[in-house]
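Shown next, in structure tokens, is the structure this report addresses.
Quick note: residue numbers are just sequence positions, from 1. In listed order, ligands and their atoms are each counted from 1.
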Amino acid sequence: MIQPFDSLDAYERAMQLSVDDPEAFWSHVASQYSWIQPWSQVLNWDFRCYDVRWFEGGTLNITLNCLDRHLSDRGEKTALIWEPSDPEGASRSFTYQELHSEVERTAAALRRQGMGKGDRICVYMPMVPELAVVVLAIARIGAIHSVVFGGFSAHSLADRIADAGCRMVITADAIVRGGKILPCKEVVDEALTNCNGVERVWVFRVSGSDVDMIYGRDVDAHEEISRYSGTGGEAEVMQAEDPLFILYTSGSTGKPKGVVHTCGGYMVYAGYSFTHVFRAQPGEVFWCTADIGWITGHTYLLYGPLLQGSTTLMFEGIPIWPNPDRFWKVCERHSVNLLYTAPTAIRSLMAAGDAWVKPYSLNSLRVLGSVGEPINAEAWQWYHREVGKRRCPVTDTWWQTETGGILIAALAGLSPLKPTYAGLPLPGIQPVLLDAQGEIIEENEREGYLAVRFPWPSMIRTTWGDHERCRQTYFGAYPGYYFTGDGARRDADGYYRIIGRVDDVLNVSGHRIGTAEVENAINMHPLVAESAVVGVPDELKGQAIYAFVICKGDPQNPDNIRAEITATVTEFIGKIARPDKIQLVPGLPKTRSGKIMRRILRKIAEGDVSQLGDTSTLLDPSVVDQLIRGRI
Ligand code: PRX
């Protein structure tokens, strides 16, 4: 297990070494994990054609490091605790030994289904322990997991299954969450009517809901796994650069991209970043509230804590059900030491009132983490004061699906706390701020585009099936740099403050959603001619979705159309992408070359119409007044 830095000095020394001799630095970090065969070359890289390879020649299996490595000294310690959505329900826990056995048996069963190295397996499941087990089992046999968040619709799921060419889907009968039972297997069935290539569907019966099983394709997963002892579940030998997983995320074009992470580099950085940012010790209880369907769940619910021998807590429910003290009940019930959640959850708990948290002493908490979107000062202070009782450092963590792990953070308890600042880069990370011409901004306090000039082990390797898209998206804008898509500022102490996306990507309740994706979905409605979507600041969600929609002909019943458009977005993406406001408009502000001026739309949506800037380049400037008049 890695020892976290014990002082800011130690952090600075590590930082210096990582810049002076990155290969020696990463070689030292990687050597703290168990490899089947050591690497012969630490790093090969070229940001221009985009080719990055870490630890080549090395072979490993991440599950040997997450599970087997702990068996001799931590076998009886708890690896995973599961808290059900129903507060009266029984929680479940697995020791490292038990989790290891479950994963081995599941791996053996997967192999008997004909799955193996390189096969893509889609996982569409609720937050039940079986989800953690199957993801690890897929990694164990060297297959590639593609977990799709359970809130995505059948259409989104079908697109992801088809794009990755999955041979198998693993699902559950239903999703139990916040007092509701939502369909899960049914969504898979619908998705599979729209794509070919899936031979096998495993169904975990976790809710007792009735499901139709398709003969020859669908298999009861519990029954199937119960046939195996573990023999046949041995870990596959993986090359460091073999893909470990694909995770789809939104970009500025309509089609979500499959971000590919690899076995060796991802493992090293997941464990390394988890340990240092949270200064986590083996045995501590870590609660990451994210769903495994997002990168945060992959790296800091599953892989990071298990790599460090911590106890990871998995929660099926939502923060405010049945009451807004559910989080605090869970913290006390399981003596949580480290809590890692999103500002949107913090803001909704804060809005529910202090009385819900005051009665809880929350003595076990040591560190509070925040992720996913900028945390505003008020939410930061409330988190620190009411939840951390002014004892626990709040560490804001900045990263992305593509970065695989946290790149910038306040190191818990080491670096001075600065509300609204994400903090310092981790050793090994070399961020820069660029101006519009791609020149490095040296001076402090000037806003720029956040980029990274040197590779790190868990960076995106490719977008599944389209390497050129990856190169173009991340390395095309500013040659020689990984471009994050975020704007940021740095202060005199080297602390980064993230401003937000500078592209057409929205962050709604910490969920990343592309405006083009939402527009494509809206445009699927037969009466829609064109649409444009922008984000507007929202107190709870961070950003809300505001859609301007041109209908074909004059809509007879605007309320109906709006409701139908909302339903269309739910059908094509999922509830998370539903517009908060839909304004039906006669036209959109376009330049003579046909480009929509989103800057103007954003101002109108925000209600800030006093300074719209230059509108003279518009094809039809009168459209602006019509939009302002029709604002909702
Ligand atoms: O804009 C940044 C924002 O979330 C984006 C990445 O989203 P995703 O790939 O879904 O990963 C989310 C969880 C890592 C970033 O480009 N973001 C993430 N963390 C922060 C943040 N913005 C400000 N502060 C953060 N701590």
Within a strict 4.5 Å, meaning less than it, do heavy atoms of the [X] and [Y] side chains meet?
{"X": "Phe327", "Y": "Thr289", "result": "yes"}
{"X": "Gln543", "Y": "Asp538", "result": "no"}
{"X": "Phe483", "Y": "Tyr474", "result": "no"}

What atoms of ligand 1 come closer than 4.0 angstrom to any heavy atom of [X]?
{"X": "Asn507", "result": "3 (C), 4 (O)"}
{"X": "Ile498", "result": "22 (N), 23 (C)"}
{"X": "Thr397", "result": "19 (N), 20 (C), 25 (C), 26 (N)"}

Using the benzene-type ring in the case of Trp, are the ring centres of Phe548 and Tyr546 under 6.0 Å apart?
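Yes; Tyr546 has its ring centre under 6.0 Å from that of Phe548.
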Going by ring-ring contact (aromatic ring centres under 6.0 Å, His included), Tyr266 matches just one of Phe245, Phe55, Tyr272. Which one?
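Single pass found, and it is Phe245.
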To the nearest 0.1 Å, how far is [atom] from its closest protein heavy atom, and which atom is that?
{"atom": "atom 7 (O) of ligand 1", "result": "Arg512 CD, 3.4 Å"}
{"atom": "atom 6 (C) of ligand 1", "result": "Trp399 O, 3.7 Å"}
{"atom": "atom 1 (O) of ligand 1", "result": "Asp486 OD1, 2.6 Å"}
{"atom": "atom 13 (C) of ligand 1", "result": "Thr296 OG1, 3.4 Å"}

Is the shortest distance from a heavy atom of Gly372 to ligand 1 less than 4.0 Å?
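Yes, Gly372 has a heavy atom closer than 4.0 Å to ligand 1.
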Does even one non-hydrogen atom of Gly485 get within less than 4.0 Å of ligand 1?
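Per 4.0 Å heavy-atom rule, Gly485 does not contact ligand 1.
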Ligand 1 versus [X], non-hydrogen atoms closer than 4.0 Å: side chain, backbone, both, neither?
{"X": "Gln400", "value": "both"}
{"X": "Pro374", "value": "both"}
{"X": "Thr401", "value": "both"}

Do you know the tightest heavy-atom contact between Gly428 and Trp456?
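So the two residues come closest at O-CB, 4.2 Å.
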Would you say the side-chain atoms of Thr463 pair up with the backbone N or O of Asp466, donor to acceptor, closer than 3.5 Å?
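Between the backbone of Asp466 and the side chain of Thr463 there is a qualifying donor-acceptor contact (under 3.5 Å).
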Parallel, tilted or perpendicular, as decided by the 30° and 60° cut-offs, for the rings of Phe274 and Phe278
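The rings of Phe278 and Phe274 sit tilted, inter-plane angle from 30° to 60°.
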